[in-house]
Amino acid sequence: MRSTFLCILILAVFSVATAQTGTFADFPADCHAGFAANPDLVNPMVFHFQDQSTGQINHWQWSFGDGGTSSVQNPQHTYSAGGTYFVCLTVSDSDSGNICHDMICIPVTVHEPGTCVADYIYARDSLNLLDVKFTDKSTGNINSWHWNFGDGTVSADRNPHHTFPGYAKYNVCLMAYNSDSISVCNDVKCDSLNVAGAEHCQASFVYVLDSLNHEPNTFKFRDTSTGNPNHYHWFFDDGASSSARNVSHQFHVDGYHKVCLQITKEVQGVSTCTDSTCVFVKTAKYFNLGGHLFAGAFPINNPVSTGDTGQACLYMKFGERLLPYDTVTFTNLGYYAFPRVLNGTYLLQASLTRGSAHYADYFPAYFPQVMKWKDATMVNLADTSTYDSHIHMLPVTEVISGPGSIKGKVINSASPHNAPGIPFAEIILYNTQLTPLLFAQSEKSGLFELDNLPFGSYFLYVEAAGRFSRLTPIWIDASAPVADSVLLEVFDFDVTGIADRTSPPVTAGDLFPNPANNEVSLIVQVQYAGKLNYEIRSMTGQTVLNGKASCHAGANLVTIPAGEIPRGIYVFSLYRADGSRILNKKLMKY
């Protein structure tokens, strides 16, 4: 009877243990989770967990198997009862530019003082990977052991050897108990054992020069190995090394450098695969770049102090893009310098800083003497340094004064209007003949303001290196002296492209002012000089005014007299010479 009861109890225990053991999904990761668990030397119910994960990680989430959790990297946890708990660690990186997410679960056995706790370790035979040696590590007054290897076979040996029938995952359970007092002393430990064949892995990596790094010859190395290794060791010929998966390294000596990567995959502390590879990396060339900033015939503060401070901005041409590379401020003799610049093609811009004595007297300029980056001359650093890339600022020649003002914000074209604006953008104010009048710089919030303006019509344009803008028409008069809440969009693509000559495009802006009194205007952009037809019709279709407008190539301010038109609501239409309609707008006359 006692023997029958013992067999039933063993089967019941193994059934429960098997049902409670799950499998865990593998996540794609640029990092690998791992940890060690050690009981406290004084209180065995307290465990210290040590994170051993690899990769760029900034989040840790622990689940201790008893309902307890923690987000500390190296936590401590106290268990209330002995037993085997599946402890899981999930690691991740919140940086969206990296794919980093991994999880590992390890059974941890808590030995409660005075009780029986089942525990075991195992090791695979390196010559026969199907052969596994199990070693009992149970504690308590134990005199019987029952193993279930998950393949239909069992054993009563304390430390059995077992040969599995094939490569697969097996749920191996050990019941350790005292046959004389099984109701007092018995425990079960189950673990998922992956019996896999010989691993195949291949070490490989790619590297790229960090061209925007101000520390010269800093390279980024990214692991591209196959076979899911979980240990990495980088060796550099200057003596440096690293165990991270992806690394950055700076070479301080020019020439070729040998870089090696060794990878290893370990399972339960056993190395199942290892490989290594080496590559020779050649350092890049760096040069010095400098020049004077001219305000008129002389550089600022040269030969005497002019009370000005200059700022020079350097942009690197990267494919079709311009990327900010470096910025310097300078005063001494009006000379700027960029030391140790990577060989390549660059765009230079310079201006006076706010607070300079002549800040409002000169427009910011690109090398050598233009206001727009698309018209600038690129500087090519290929074989030697250059010290004479002088920049000449263009003077502000128009003197204007009046009661009007323009206020607004510079934004990215893809952003909502309430999004943060673009800081430190240059806003240029033009008259209707596209003569630059003055400029302003947006604040950190993207807001800008232009004051003391005479009444009339203007264009606004945002100049930003490598980016594009449109001419925005503005009208201010005595009835509306402040043009408020003006939004100037900046684009990552060219919005000023023109189609071929067979179909010259014509674009027209909104009517202003609208409602109108004596006259109404609109901005018309044409590619070639010519005439356009306009017509104003009543809501019943009667034509009350028509005429022709002569336009030159580019932007035109078309002004139409409306003083003789009776008060009311009308339809304004604009046509090409061939009769095709360009614009149809509602016009109110008061």
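Since this is a predicted model, take the numbers as computed values, not measurements.
Side-chain rings of Tyr85 and Tyr79 approach one another, their centers coming within less than 6.0 Å. Aromatic ring centres of Tyr325 and His214: separated by under 6.0 Å. Ring-centre distance between Phe363 and Phe439: below the 6.0 Å cut-off. The distance between the ring centers of Phe49 and Trp60 does not fall below 6.0 angstrom. Ring pair Phe149/Tyr170: centre-to-centre distance not below 6.0 Å. For His77 and Phe47, the distance between ring centers is not under 6.0 angstrom.
Judged by distance alone, with hydrogens and angles left aside, the side-chain atoms of Trp234 form no donor-acceptor pair with the main-chain N or O of Ser243 at under 3.5 Å. Checking side-chain atoms of Lys285 against main-chain N and O of Phe287 turns up no donor-acceptor pair under 3.5 Å. In this structure, Arg354 contributes its side chain and Gln441 its backbone to a donor-acceptor pair below 3.5 Å. A donor-acceptor distance shorter than 3.5 angstrom exists from the side chain of Asn74 to the backbone of Asp51, with no hydrogens or angles considered.
Rounding to the nearest 0.5 Å gives a distance of 8.0 Å between CD1 of Ile391 and CD of Gln349. How far CG of Asn43 is from OG1 of Thr78: 6.5 Å, rounded to the nearest 0.5 Å. Atom SG of Cys31 is separated from atom CD1 of Ile57 by 4.5 Å, given to the nearest 0.5 angstrom. We find the CG-CG distance between Asp223 and Asn246 to be 6.0 Å, quoted to the nearest 0.5 Å. To the nearest 0.5 angstrom, Gln73 atom CD is 12.0 Å from His59 atom NE2.
When only modelled atom types and interatomic distance are considered, Arg467 and Asn412 share a side-chain donor-acceptor pair under 3.5 Å. Side-chain N/O atoms of Asp237 and His257 include a donor and acceptor closer than 3.5 Å. Side chains of Asp151 and His162: a donor-acceptor N/O pair is present below 3.5 angstrom, by distance only. Asp136 and Asn159 are not linked by any side-chain donor-acceptor pair at a separation below 3.5 angstrom, with hydrogens and angles left out of the test.
Between Trp373 and the options Tyr315, Phe367, Phe468, a side-chain contact (heavy atoms from CB on, under 4.5 Å) holds for only Phe468.
A perpendicular orientation is assigned to the rings of Phe493 and Phe491, their planes being inclined by more than 60° (bins at 30° and 60°). By the 30° and 60° cut-offs, the orientation of the rings of Phe221 relative to Phe251 is perpendicular.
For the side-chain contact (heavy atoms from CB on, under 4.5 Å) test, residues two or more places apart in sequence or in another chain that qualify with Ser356 are Asp308, Thr309, Leu352, Thr353, Tyr359. For Asp326, the salt bridge (Lys or Arg N to Asp or Glu O under 4.0 Å) test picks out no residue, with sequence neighbours left out.
The disulfide (SG to SG under 2.5 Å) analysis of residues 208-263, with sequence neighbours excluded, yields the pairs Cys260-Cys278.
Judged by the 6.0 Å and 45° rule, Lys189 forms a cation-pi pair with Tyr120.
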